[in-house]
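Report on one structure; see the data block that follows.
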Amino acid sequence: MTDTPAIRQILDMNAFDASAAADAAPAVRRRLGNVGAASVLFYRDPIEMVSASGCWMTDAAGRRYLDFYNNVPSVGHSHPAVVRAVADQIARLNTNTRYVVAVVDDYLDALKARLPADLSNVVMTCSGSEANDLALRIARAVTGRQGFVVTTNAYHGNTDLVTGVSPSALKRGGLPAHVVAIAPPGATPDAEAGFLAALEAAMAELGARGFGTAAFLCDAIFSSDGIHEGPPGFLARAADLVRARGGLFIADEVQPGFGRTGAAFWGFARHGAAPDIVTMGKPMGNGFPMAAMATRPDYLAAFCADTGYFNTFGGNPVAAAAGAAVLRVIEEEALQHNASVTGQHLLAEIRALAAARPQIATVRGAGLFIGVDIGAEGAPDPDLTLRVIDAMRSRGVLIGAAGLHGATLKLRPPLCLSHAEADLFVTALDDAMGMAAARPYV
Ligand SMILES: Cc1ncc(COP(=O)(O)O)c(C=O)c1O
């Protein structure tokens with residue numbers, strides 16, 4: 001258990017260093033001038049993007065990159081079915097959310113068909129942060145308690161309340177007193193027992209501090225913690241344990257949801273876990289900003305009895321049209337199945353490469369969400385990780401970093417990734433590992 005901030009903040013990983021602004025390209029300087037200290041850009045030398053299609057992005061100089069990092073355009077960049085749905089709906093009607101519009105309820109019916117039957121109320125929002133903020137407030141209203149358990153390097157969003165449960169966003173100071181963080185599940189045979197013991201201890205600690213446990217909130221693939229698919233089923237036991245102590249289990253599906261892990265449509269479902277609240281976002285609209293929180297009607301009613309909730313844009317007709325198109329494309333193009341088979345192929349190929357590359361310690365993942373630990377076993381190497389990320393970029397492949405030390409390659413391509421594209425990635429990684437290990441900043 002720890003309540004100190006993470007060693008590496010998630011937004012600082014593979015980020016442009018603003019102190020180097022004087023040497024930056026004019027487009028980068030313009031961005032810094034407009035957004036100031038809040039601008040977060042990838043790479044020491046940021047890329048200006050102009051277009052994208054499928055798994056590929058194109059920069060201002062016409063260079064194409066294989067996008068292995070983006071789970072927003074999850075069914076493929078600029079997917080024609082989503083583009084058409086958004087264009088048709090915005091040409092017909094878009095409005096605040098205080099009218100009955102059939103396309104919205106058609107979408108909610110289709111989404112609910114994918115969710116556990118008891119979570120039959122869905123509140124749409126514009127961002128995952130808003131969805132998690134609402135989830136935390138509902139958990140407090142339902143339980144009458146104030147505390148939360150999260151994982152060591154979790155990221156759940158950017159509101160005041162949600163930043164407090166996002167250790168990886170805190171640059172200084174500890175977590176608020178009402179939050180206790182526990183390590184993500186390890187890969188050893190006793191991983192589940194260790195995780196459950198830590199969860200139990202964290203809840204006891206929140207009790208001793210006088211807050212009690214309102215909820216255990218986790219991302220079921222532990223993405224910012226470095227991608228931990230965990231022993232199958234362990235999350236179900238964790239959820240049961242929290243409920244047995246009077247708290248709720250909130251499954252944050254912003255990362256693993258919508259088929260990414262291949263084995264199931266949701267990350268919690270991969271573990272057979274039953275959440276009390278589910279939040280979702282990023283891939284939901286394939287780039288159209290939309291997110292949601294689903295829970296039991298009595299839980300939502302308990303919150304709404306004391307607090308009004310209205311969201312001007314959340315669940316507008318255009319968002320619903322985008323979301324409906326995404327669900328259709330996942331089904332029609334069998335993208336969850338593709339995440340499973342192409343993900344297994346990719347995992348096997350990276351593991352084969354790891355056997356020949358001592359700089360790769362561990363390869364983990366589920367579906368098209370894979371983490372590759374860089375450094376010798378037990379000696380994470382964030383500098384080499386950055387060099388690999390840069391070397392991949394110079395080979396036309398975009399990846400990112402995650403984990404407590406920023407020494408895990410985070411691989412998360414669109415779900416339409418082909419075998420040929422997976423192979424292209426592995427060839428580039430093999431080459432980049434060799435170059436990055438040999439000399440700095442190739
Ligand atoms: C697991 C998780 N939850 C929530 C969020 C917040 O979503 P948003 O950026 O849409 O507010 C993120 C964003 O990266 C995330 O990774």
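In listed order, ligands and their atoms are each counted from 1. If you're wondering where the values come from, they're calculated on a predicted model, not measured in any experiment.
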Listed partners of S51 passing side chain to side chain donor-acceptor pair (under 3.5 Å), at least two apart: none
Within the protein, flag every N or O under 3.5 Å from an N or O of ligand 1, and note the pair and distance.
from     : atom 1 : to   : atom 2 : distance (Å)
ligand 1 : 3 (N)  : D252 : OD1    : 3.4
ligand 1 : 3 (N)  : D252 : OD2    : 2.6
ligand 1 : 10 (O) : G128 : N      : 2.9
ligand 1 : 11 (O) : G128 : N      : 3.4
ligand 1 : 11 (O) : S129 : N      : 2.8
ligand 1 : 11 (O) : S129 : OG     : 2.5
ligand 1 : 14 (O) : K282 : NZ     : 2.8
ligand 1 : 16 (O) : Q255 : NE2    : 2.7

Distance-only criterion, 3.5 Å: show the donor-acceptor pairs between side-chain atoms of residues 310-321 and protein atoms not counting sequence neighbours.
from : atom 1 : to   : atom 2 : distance (Å)
N311 : OD1    : G314 : N      : 3.0
N311 : ND2    : E130 : OE2    : 2.8
N311 : ND2    : Y309 : OH     : 3.2
N316 : OD1    : V318 : N      : 3.0
N316 : OD1    : A319 : N      : 2.9
N316 : ND2    : F313 : O      : 2.7

Validation row: V388, M392 side chains within 4.5 angstrom (heavy atoms): yes
Proximity of F258 and F265 rings by center, below 6.0 Å: yes
K410 side chain near I227 side chain, heavy-atom distance below 4.5 Å: yes
For a quick test of your reading: what N or O donor-acceptor pairs under 3.5 Å do the side chains of residues 66-74 make, sequence neighbours left out?
from : atom 1 : to   : atom 2 : distance (Å)
D67  : OD1    : Y69  : N      : 3.0
D67  : OD1    : N70  : N      : 3.2
D67  : OD2    : N70  : ND2    : 2.9
D67  : OD2    : H77  : NE2    : 2.7
N71  : ND2    : Q255 : OE1    : 2.9

